[in-house]
There are 2 protein chains.
Amino acid sequence: MDSLQPSDEFPGIGIAALERDIGVGKETLRVWERRYGFPQPLRDAFGERVYPADQVARLRLVKRLMDQGGRPGKLLGQPLEALSAQLGAAPESGVGGGEAAADWLVPLLRQRDVERLRGELAQRLAREGLERFVVDTVPALNRRVGDGWVSGEIEVFEEHLYTEQVQNLLRSAILGLGLRDASPRVLLTTIKDEEHVLGLLLVEALLALQGANCVSLGTGTPVSDIVAAARATGTQVVALSFSGACPWRKARDSLTELRAALSPAVALWAGGAGLSGGARKVAGVRRIERLEDVATALAEWRATSA
Amino acid sequence: MDSLQPSDEFPGIGIAALERDIGVGKETLRVWERRYGFPQPLRDAFGERVYPADQVARLRLVKRLMDQGGRPGKLLGQPLEALSAQLGAAPESGVGGGEAAADWLVPLLRQRDVERLRGELAQRLAREGLERFVVDTVPALNRRVGDGWVSGEIEVFEEHLYTEQVQNLLRSAILGLGLRDASPRVLLTTIKDEEHVLGLLLVEALLALQGANCVSLGTGTPVSDIVAAARATGTQVVALSFSGACPWRKARDSLTELRAALSPAVALWAGGAGLSGGARKVAGVRRIERLEDVATALAEWRATSA
DNA sequence: CACTCATAATGTCCTGGACAAACGAATTCT
DNA sequence: AGAATTCGTTTGTCCAGGACATTATGAGTG
């Protein structure tokens with residue numbers, strides 16, 4: 001709505017609006033300008049920064065690539081096309097195309113029509129079944145929403161709206177499965193400072209579908225709390241999810257620490273885009289590459305423990 | 001969790017944490033310190049501000065009173081007791097006590113137990129019926145949540161959680177009423193920069209309950225869009241909600257502008273705490289003082305138009 | 001390959017100055 | 001009386017440039 005004006009007569013947006021739009025603090029934006037020479041906003045009649053639409057678009061790409069592990073020093077020098085190319089290459093869109101276009105999604109988000117959004121999602125879930133919904137559809141929709149943000153079609157707020165609805169739906173679906181006493185008992189969570197919740201829910205759904213007894217601690221659990229909870233609940237498997245935003249090393253260190261603190265009898269599983277980069281393996285940690293492998297890991301565990 | 005440490009060994013929190021906790025920007029916090037001498041944080045080994053728990057508590061009260069129209073120049077000089085007294089006096093807790101204590105609410109929020117929160121709310125709605133729920137219970141719960149934040153029992157995030165669930169519940173209750181073709185057709189919204197949504201939903205519920213045909217545009221609609229929407233949907237009544245945070249003059253000006261732009265045949269209703277202060281009336285605008293008056297206004301409209 | 005350490009990159013915090021927009025009170029108009 | 005206008009004051013946000021803690025990178029080593 002704001003950022004689609006091409007030029008002429010609408011010079012651009014202020015630094016506060018940019019902070020909201022991109023999700024990068026004012027101080028950081030000013031430092032980028034000082035250090036890397038980009039962005040290079042115009043100035044209004046009173047010396048305040050005014051960011052034209054093309055710079056905003058470029059910044060959106062930069063932010064996106066940074067969330068996937070890119071670094072400002074490299075990214076801020078590149079022109080728009082180069083960034084676009086990088087973004088197109090990176091996402092391991094992987095095997096399934098999932099839902100091809102999902103063009104119904106963006107308009108619904110822009111209108112903030114929560115009811116119909118929920119309806120459409122629920123309909124797809126019912127039609128495809130929980131497994132395909134989780135493995136194919138949700139990842140495809142996530143991609144669509146992410147792309148929509150990059151291109152300026154939708155705002156962060158609307159992205160939250162989407163996440164919220166998918167969460168609601170998955171939670172009630174999981175609750176509906178209602179298997180309480182099956183084995184193994186799996187503890188799901190993410191480490192401290194890792195707030196991405198969707199991946200966790202997807203895994204929980206897949207596990208619940210196979211009859212596992214899931215206990216989710218939500219996001220951002222410190223290692224010590226994970227250990228305590230695992231002991232208290234008699235957990236047999238601890239499963240962690242790491243989003244793309246989570247730095248390489250931190251993931252590795254948390255896993256090492258957790259592995260040491262946890263009883264050797266408890267299995268430790270780790271998955272998510274945050275592990276794709278460097279560190280391949282930590283001793284005693286079962287790596288889960290893709291959502292499809294969740295079922296495999298579970299089957300293996302059952303075979304081993306029997 | 002953070003701010004409950006009394007002193008000794010835990011000196012306090014940093015400025016970034018304070019910004020999150022209180023909802024006031026870092027720059028503003030620094031300027032308050034410079035201008036009014038409060039807050040006056042300690043400094044850590046490296047010269048960075050550290051806010052002890054008592055100052056945080058006092059700031060929470062200040063912020064609360066500012067949201068009700070207070071001004072920093074006056075508030076920041078007062079000691080904690082004076083602020084407390086003011087807060088106790090101000091809220092027009094009005095007639096109904098609503099739910100006396102609602103002590104079940106805060107623990108649920110702290111545990112982030114969304115499922116049970118929803119359950120408890122739904123149960124009360126079913127027991128009391130929509131009207132009493134909207135007029136008595138929800139305002140009482142709002143107050144409880146607000147007080148919980150002031151006292152540091154719950155965090156902003158948990159406040160959002162609460163709002164979200166009440167919204168869900170009310171929306172589906174309204175949808176469940178399912179009256180589509182009754183008269184009048186009422187357009188509900190708030191003006192630009194006014195994001196408070198709960199008041200709007202309460203009014204919508206009451207109107208729907210009386211068989212009005214409600215169309216909600218959500219929050220933050222610019223005047224021109226309101227006019228366009230009113231024309232497009234053949235609206236007979238436009239109802240606006242103004243929260244306590246909305247400044248006096250802005251509310252008045254919006255109403256004046258809207259009244260001028262709207263067809264004279266369309267009624268204009270305005271309500272909410274934002275109008276309590278100064279400007280008593282704008283010509284051609286029906287003022288709605290309390291939730292109970294919604295039904296009255298509707299009855300009047302029907303009498304007049306018949 | 002996986003680990004360790006020095007160097008470079010990066011975000012956040014600091015001070016102090018400036019001004020536009022919002023406000024309150026006193027005044028005039030109806 | 002109550003509404004509009006005016007004007008000095010209050011208040012949030014912006015700017016510049018400097019500093020440092022933290023974290024990543026990459027070369028060298030087991």
Side-chain angles (χ1 to χ4, degrees), chain A residues 13-20 22-36 38 41-51 62-63 66 69-77 193 245-256 274 277-283 285, chain B residues 13-20 22-36 38 41-51 62-63 66 69-77 193 245-256 274 277-285 287:
Chain A
I13 64 178
I15 195 172
L18 187 62
E19 172 175 9
R20 255 170 291 154
I22 303 288
V24 169
K26 299 190 245 281
E27 313 206 283
T28 303
L29 287 168
R30 285 193 273 255
V31 166
W32 282 0
E33 185 181 337
R34 200 198 309 168
R35 288 197 186 134
Y36 313 111
F38 184 84
L42 312 172
R43 299 296 175 130
D44 69 5
F46 208 74
E48 308 200 341
R49 291 172 172 79
V50 173
Y51 297 85
V62 169
K63 179 59 168 29
M66 276 180 53
R71 310 208 55 199
K74 317 269 180 183
L75 299 171
L76 287 167
D193 297 329
C246 183
W248 201 57
R249 244 169 270 244
K250 183 183 246 170
R252 188 199 55 178
D253 293 348
S254 306
L255 285 173
T256 311
R280 292 272 273 268
K281 56 187 170 187
V282 177
V285 176
Chain B
I13 64 178
I15 196 172
L18 186 63
E19 171 175 13
R20 256 171 291 153
I22 304 288
V24 170
K26 300 189 245 281
E27 313 206 280
T28 304
L29 287 167
R30 287 193 273 252
V31 156
W32 282 0
E33 184 181 337
R34 200 198 308 170
R35 288 198 185 129
Y36 313 111
F38 184 86
L42 311 172
R43 299 295 177 129
D44 69 5
F46 208 76
E48 307 201 340
R49 291 171 173 80
V50 173
Y51 296 85
V62 169
K63 179 56 167 31
M66 278 180 52
R71 308 206 56 195
K74 316 267 180 185
L75 298 171
L76 286 167
D193 297 329
C246 184
W248 202 55
R249 250 171 264 243
K250 183 182 245 169
R252 189 199 53 177
D253 293 348
S254 305
L255 285 174
T256 311
R280 293 272 273 267
K281 57 187 171 189
V282 177
V285 176
R287 176 75 196 287

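Proteins get letters first, then strands, A, B, ... in listed order; numbering begins at 1 in each.
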Using a cut-off of strictly less than 4.0 Å, decide whether B:Y36 has a side-chain nitrogen or oxygen near OP1 or OP2 of D:dT10.
-> no

Which pair of heavy atoms, one from A:L76 and one from A:Y36, lies closest together, and at what distance?
-> CD1-CD1, 3.4 Å

What N/O pairs connect the protein and nucleotides 24-30 of chain C at under 3.5 Å? Give each pair on its own line.
from, atom 1, to, atom 2, distance (Å)
C:dG24, N7, B:R249, NH2, 2.7

Taken to the nearest whole Å, CG/B:D253 to P/C:dA21 is 15 Å

Counting side-chain heavy atoms from C-beta on, which of C:dT10, D:dC15, C:dC14 comes nearest to B:I15?
-> C:dC14

Over all atoms of both residues, closest heavy-atom pair of B:R252 and B:V282 = CG-CG2, 3.9 Å

Taking the side chain of B:P72 as its heavy atoms from C-beta onward, which of C:dG11, D:dT11, D:dA4 lies nearest to it?
-> D:dT11

B:M66 and B:V62, any side-chain heavy atoms less than 4.5 Å apart = yes

Would you give the length of the straight line joining atom CD1 of A:I15 to atom CD of A:E33, rounded to the nearest 0.5 angstrom?
-> 7.5 Å

CD1 of B:I13 to CD of B:E19, rounded to nearest 0.5 Å, is 11.0 Å

OP1, OP2 of C:dT12 versus side-chain N and O of B:K26: anything below 4.0 Å?
-> no

Whole Å only: how far is the CZ atom of A:R30 from the P atom of C:dC13?
-> 13 Å

Polar pairs (N or O, both sides) under 3.5 Å between protein and nucleotides 16-20 of chain C?
from, atom 1, to, atom 2, distance (Å)
C:dG16, N7, B:R34, NH2, 3.1
C:dG17, N7, B:R34, NH1, 3.0
C:dG17, O6, B:R34, NH2, 3.3

Rounded distance in Å - CG (B:D44) to P (D:dA19) = 18 Å

Identify which nucleotide among D:dA4, D:dG12, D:dC14 has an atom closest to any side-chain atom of B:T28, counting heavy atoms from C-beta outward.
-> D:dG12

Please state how far atom CD in A:E33 lies from atom P in C:dG11, giving the value in whole angstrom units.
-> 15 Å

For the pair made of CZ in B:R252 and C1' in C:dA22, what is the distance, rounded to whole Å?
-> 13 Å

Looking only at heavy atoms, which two atoms of B:W32 and B:P72 are closest? And how far apart?
-> NE1-CB, 4.1 Å

Measure from CG on B:L255 to P on D:dA4 and round the result to the nearest Å.
-> 12 Å

Euclidean distance, atom CG of residue A:L76 to atom P of C:dA9 [Å, nearest integer] = 14 Å

Calculate the interatomic distance between A:M66 atom CE and C:dA9 atom P; express it in whole Å.
-> 15 Å

Give a yes/no answer on whether the side chain of B:R49 brings an N or O atom under 4.0 Å of OP1 or OP2 in C:dC13.
-> no

Using a cut-off of 4.0 Å on non-hydrogen atoms, how would the nucleic acid contact of B:K250 be classed: base, sugar-phosphate, or nothing?
-> nothing

Looking only at heavy atoms, the pair that brings B:R49 and B:P41 closest together is CG-CG, 3.6 Å

Helix axis bend for the helix from C:dC1-D:dG30 to C:dT30-D:dA1 - C1'-based end axes, five pairs, 10° rounding | 50°

Among C:dG11, C:dT15, D:dC14, which is the nearest nucleotide to the side chain of A:E48?
-> D:dC14

